[in-house]
Amino acid sequence: MTVAKAPADSPRGPTRQQRRNWLTAYLFVLPATLLIAVFGLFPIGYSVYMSLYTWRVRKGAFIGLRNYESVIGDWWGALAFFGGLALILVAHWLWTDAFKGERARVPAALRVVAALTLLSAGVSIALGWGLMVDAGNKGYLKGLVRTVYYGFGSVPVQIVLALVIATLLFQKIRGQEFFRMLYFLPYITPAVAGGAIFRNLFSPREERLANVVLGFLGIPPQRWLFETKPVTQLLFGGLFPNANWSGFWAGPSLALVTIIIYGIWTFTGYNAVIFLAGLGGISKELYDAAAIDGAGRTQQFRFITVPLLAPVTFYLTVLGFIGTFQAFTHIYVMRAPATRDAVDTASIVIFDTFYKLNNFSLAAAQSVILFVIILFLTLLQSRMFGRRALGA
């Protein structure tokens, strides 16, 4: 009796060489994995652990989710708020992925469902937020609102200005290298020094630079970093003297707007340098072909530069929003006692809870909530803009 030999091309598992290659690869990624685990994942897990105890300098009794309850106030409100955020993702899926492929001819009624889902998300977020603010930690929750002001007031302006500057600096102009270095300088300026200088420039005294510039424009001097009134009230308060200038739609205070200006000044140059690297990867033949077809500079910028820089724009936007939610040093330097909490973003409130109140567990709970929000915003950006930008 003879035994048939297995064909040479039958699956026999990884070869010795393949195992050796895998082992080599794992050894190379091991140091980075250990660093991320020790300095990235472990602090997150330890923060969650601390937030479940009474922890004032020393570890106390186990209290479960009580710290989270004291921050968000109302569980139903939190459920409605975060459920509303999830509904935004559902609405986006209904509006995009649900109509792909064979389902491209889905009745338009489903688009109405997507619109209603988005509307429900807005209502749910508003109701949930109202319940949370009424019963929760108002200082921290209002700090989150100021963080949103800071992020949405700073990042889009940074991106637009950086794109324009990078496009101009990409042209063959005299002193190109000097201007590139000049715009990058604010990013490498120490945050404490930059914050101190801005605090001087935007002082409420009339002889300071910001008020001198306003004087040339015929505008009375402002209190800048000491002004707690919303900018909408300062701009339109004379037209609507009886309006209620409070709440989310009143907008940020002038003091926070001044800090937003600092953020724009710091990161626009950095973003411009990244855009310059992206512009270097765009083929010149595309512009030549567009010029032959009669496209002007504006059309080339709109239909070639902006679309091909979409991955860079997405990268900078994600990093920018994460950075604004974690911003701390310059805000801490620029805030003044006279503004009370008008510029206190979430990171400042967490620091005060930890350092001034010595309530480590509550600060840990606030940090975990902020981490979840940043994680969700990153997921939302990736879902809504990432695949289009990266061509996935």
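Small disclaimer: the values here were computed from a predicted structure and weren't measured. For the numbers below, each heavy atom of this structure counts, side chains included, while hydrogens, waters and symmetry mates do not.
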Query raised in the report: So which of R146, K142, R335 actually passes salt bridge (Lys or Arg N to Asp or Glu O under 4.0 Å) with D341?
Result: R146
Query raised in the report: Are any non-hydrogen side-chain atoms of T189 and I197 less than 4.5 angstrom apart?
Result: no
Query raised in the report: For the residue pair Y332 and F351, does the interplanar ring angle fall in the parallel (under 30°), tilted (30 to 60°) or perpendicular (over 60°) class?
Result: perpendicular
Query raised in the report: Does F321 have its ring centroid less than 6.0 Å away from the ring centroid of F152?
Result: yes
Query raised in the report: Is there a donor-acceptor contact under 3.5 Å from the side chain of S382 to the main chain of T378?
Result: no
Requested in this report: For atom CH2 of W75, decide whether the heavy atoms of other residues, nucleotides or ligands shown that lie under 6.0 angstrom number more than 12.
Outcome: yes
**Report entry** Test log, rule side chain to side chain contact (heavy atoms under 4.5 Å, CB included), inputs I125 and I88
**Finding:** CA-CA 10 Å; I125 290 173; I88 295 177; 3.9 Å; yes
Query raised in the report: Where the side chain of S124 meets the backbone of S120, is there a donor-acceptor pair that is under 3.5 Å apart?
Result: no
Query raised in the report: Is the number of heavy atoms from other residues, nucleotides or ligands within 6.0 Å of CZ (F301) greater than 12?
Result: yes
Query raised in the report: Looking only at side chains, do Q366 and T353 share a donor and an acceptor under 3.5 Å apart?
Result: yes
**Report entry** Test item: W224 and L201 side chains (from C-beta on) under 4.5 Å apart, heavy atoms
**Finding:** no
Report summary line: In terms of heavy-atom contacts, F184 and G269 come closest through CD1-O, 4.1 Å
Report task. Drop me the distance from T167's OG1 to L309's CG, to the nearest 0.5 angstrom. Result -> 7.0 Å
Query raised in the report: Are side-chain heavy atoms of L316 and F275 found at a separation under 4.5 Å?
Result: yes
Query raised in the report: Hey, any chance F178 and Y187 share a hydrophobic cluster, counting ILVMFWY side chains that come within less than 4.5 Å of each other, even indirectly?
Result: yes
Requested in this report: Indicate, with yes or no, if V123 and L118 share a hydrophobic cluster defined by side-chain heavy-atom contacts under 4.5 Å among Ile, Leu, Val, Met, Phe, Trp and Tyr.
Outcome: no
Query raised in the report: Donor-acceptor pair, N67 side chain versus S51 backbone, under 3.5 Å?
Result: yes
Requested in this report: List the steps, then state whether side chain to side chain contact (heavy atoms under 4.5 Å, CB included) holds for L79 with W76.
Outcome: CA-CA 5 Å; L79 183 64; W76 288 109; 3.7 Å; yes
Query raised in the report: Under a single-linkage definition using a 4.5 Å side-chain heavy-atom cutoff for Ile, Leu, Val, Met, Phe, Trp and Tyr, are I260 and L234 assigned to the same hydrophobic cluster?
Result: yes
Report summary line: Tightest non-hydrogen contact, residues S253 and A342, listed as OG-O, 3.5 Å
Query raised in the report: Same cluster for V38 and L30 if Ile/Leu/Val/Met/Phe/Trp/Tyr side chains link at under 4.5 Å?
Result: no
**Report entry** Co-membership, hydrophobic cluster, residues V57 and I350, 4.5 Å side-chain
**Finding:** yes
Requested in this report: Considering non-hydrogen atoms only, spot the tightest contact between T339 and F226 and give its length.
Outcome: CG2-CA, 3.6 Å
Query - Mutual orientation of the aromatic rings belonging to Y262 and F198 [parallel < 30°, tilted 30-60°, perpendicular > 60°] - result: perpendicular
Query raised in the report: Between N21 and Q17, do the side chains contain an N or O donor and an N or O acceptor separated by less than 3.5 Å?
Result: yes
**Report entry** Check: E285/S283 side-chain N/O donor and acceptor closer than 3.5 Å
**Finding:** yes
Requested in this report: Write down the atom of Q158, the atom of F267, and the distance for their closest heavy-atom approach.
Outcome: OE1-CB, 3.2 Å
Report task. For residues V145 and L141, determine if any side-chain heavy atom of one lies less than 4.5 Å from a side-chain heavy atom of the other. Result -> no
Query raised in the report: Which of these, I261, I159, I264, sits in a side chain to side chain contact (heavy atoms under 4.5 Å, CB included) with S154?
Result: I264
Query raised in the report: Are side-chain heavy atoms of F240 and T232 found at a separation under 4.5 Å?
Result: no
Query raised in the report: Would you find more than 12 non-hydrogen atoms of other residues, nucleotides or ligands less than 6.0 Å from F62 atom CZ?
Result: yes
Report task. Evaluate the ring planes of Y49 and W55, with Trp represented by its six-membered ring, and classify them as parallel (under 30°), tilted (30 to 60°) or perpendicular (over 60°). Result -> perpendicular
Query raised in the report: Quick one: are F360 and Y53 in side-chain contact, heavy atoms under 4.5 Å?
Result: no
Report summary line: Between R208 and S203 the two heavy atoms that sit nearest each other are CG-CB, 3.4 Å
**Report entry** Short side-chain to backbone donor-acceptor contact, Q171 and L168, under 3.5 Å
**Finding:** no
Query raised in the report: So, do V71 and L362 sit near enough that their side-chain heavy atoms are less than 4.5 Å apart?
Result: yes
Query raised in the report: Are more than 12 heavy atoms from other residues, nucleotides or ligands located less than 6.0 Å from atom CZ of F376?
Result: yes
Report task. Step by step, work out the side chain to side chain contact (heavy atoms under 4.5 Å, CB included) result for D352 and I348. Result -> CA-CA 6 Å; D352 285 344; I348 297 291; 4.0 Å; yes
Query raised in the report: So does R66 have more than 12 non-hydrogen atoms from other groups sitting under 6.0 Å from CZ?
Result: no
Requested in this report: Mind listing the closest non-hydrogen atom pair of P204 and N211 along with its distance?
Outcome: O-ND2, 3.3 Å
Query - Any donor-acceptor N/O pair, E177 side chain to G175 backbone, under 3.5 Å - result: no
**Report entry** Close side-chain approach of L131 and F81, heavy atoms under 4.5 Å
**Finding:** no
Query raised in the report: Stepwise, does the side-chain hydrogen bond (donor to acceptor under 3.5 Å, both in side chains) test hold for T345 with Y149?
Result: CA-CA 9 Å; T345 57; Y149 285 147; over 6 Å; no
